[in-house]
Amino acid sequence: MINLFLLGLPGAGKGTVSEQIVDKYHLTHISTGDMFREAMANETKVGLEAKSYIDKGNLVPDEVTAKLVEERLAQPDIKNGYILDGFPRTTVQAEMLDEITKRLSKPLTKVISLEVKEDILVKRLSARFMCKKCGATYNKITKMPKEKDTCDRCGSHEFYQREDDKPEVVKNRLEVNEKMNTPLKNFYQAKGLLTTVNGEQTPEKVFESVDTVLSDN
Ligand code: AMP
């Protein structure tokens, strides 16, 4: 059973490598960012609460986020394992996750950190755009849809740029996340769970490196 936490700054390639991992290992991908965006689109209570934080690039309060994650991890579809993406963001959340996974008997088995320099992240994020319907992620430089103006995944023709990928927010978002990343890595290093992977490689090479870590049990 692989229960993975994928760590990396926004734009490090967590979404892309998650798709490749899901294809091979059939794990359930749990992205708190995706869950919040869906909740905002559906204007649920959680979505409305989260919006004011997310649009500024700040973190949603821990209690709200941890509850969302616990409810998701408790679902019966998580039978082959899971990939957590975007949670935990802080050591406080990491402690909360420990408690949650203990309660559910689904402990983390691996932590992989995708390492990418900040100037590359800024370039990647400002070129990123999403499918309005299914949330699939594209990039003006590295990953255009195969057929012009058509989503590879769902066939929709409408795209948008995330509010928090706009240049004025990206810098704050990276700073907020960067400050928290080091203690988080130390936390999992101390538990003997952490492996770092160079996220500046091509998507194929990144997946190769991640796959090596995952198949080493
Ligand atoms: P992401 O797609 O992971 O970049 O997340 C988008 C936004 O959702 C973040 O900038 C936060 O506002 C919020 N968010 C996602 N995950 C968390 C988390 N673990 N804790 C707090 N806020 C989060």
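Numbers here are sequence positions counted from 1. In listed order, ligands and their atoms are each counted from 1.
- For ligand 1, the atoms closer than 4.0 angstrom to any heavy atom of Phe36 are 8 (O), 13 (C), 14 (N), 15 (C), 23 (C).
- Heavy-atom contacts of Asn58 reach the following atoms of ligand 1: 11 (C), 12 (O) (cutoff under 4.0 Å).
- Counting Ile, Leu, Val, Met, Phe, Trp and Tyr side chains that sit under 4.5 Å apart, directly or through other members, Leu125 shares a hydrophobic cluster with Leu9, Val116, Ile120, Leu121, Val122, Val170, Leu174.
- Near Phe87, the atoms of ligand 1 lying under 4.0 angstrom from a non-hydrogen atom of the residue are 19 (N).
- Residues Glu70 and Arg103 form a side-chain contact, since some pair of their non-hydrogen atoms from C-beta on lies under 4.5 Å apart.
- Of the candidates Gln93, Arg162, Met40, Arg37, it is Gln93 that places a heavy atom closest to atom 20 (N) of ligand 1.
- Nearest to atom 9 (C) of ligand 1 by heavy atom, out of Lys56, Arg173, Arg89, is Arg89.
- Applying the side chain to side chain contact (heavy atoms under 4.5 Å, CB included) criterion to Ser18, with sequence neighbours excluded, gives Leu6, His29, Ile83, Asp85.
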Would Ile30 and Phe87 count as a side chain to side chain contact (heavy atoms under 4.5 Å, CB included) if you check the C-alpha gap in whole Å, the side-chain angles of each, and the deciding distance to 0.1 Å? CA-CA 9 Å; Ile30 302 175; Phe87 182 90; over 6 Å; no
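- A distance-only check finds no donor-acceptor pair linking the side chain of Ser126 to the backbone of Pro167 [under 3.5 Å].
- Taking the charged nitrogens against the carboxylate oxygens, Lys171 and Glu175 do have a contact shorter than 4.0 Å, which makes a salt bridge.
- In terms of protein heavy-atom proximity, atom 16 (N) of ligand 1 is nearest to Thr32 OG1, 2.7 Å.
- Annotation for ligand 1: atoms under 4.0 Å from non-hydrogen atoms of Gly86 are 16 (N), 17 (C), 18 (C), 19 (N).
- Crowding of Lys166 atom NZ: a count of heavy atoms from other residues, nucleotides or ligands under 6.0 Å exceeding 12.
- Protein heavy atom closest to atom 22 (N) of ligand 1, with residue, atom name and distance, is Val60 N, 3.0 Å.
- In the vicinity of Thr65, heavy-atom distances shorter than 4.0 Å reach the ligand 1 atoms 18 (C), 19 (N), 20 (N), 21 (C).
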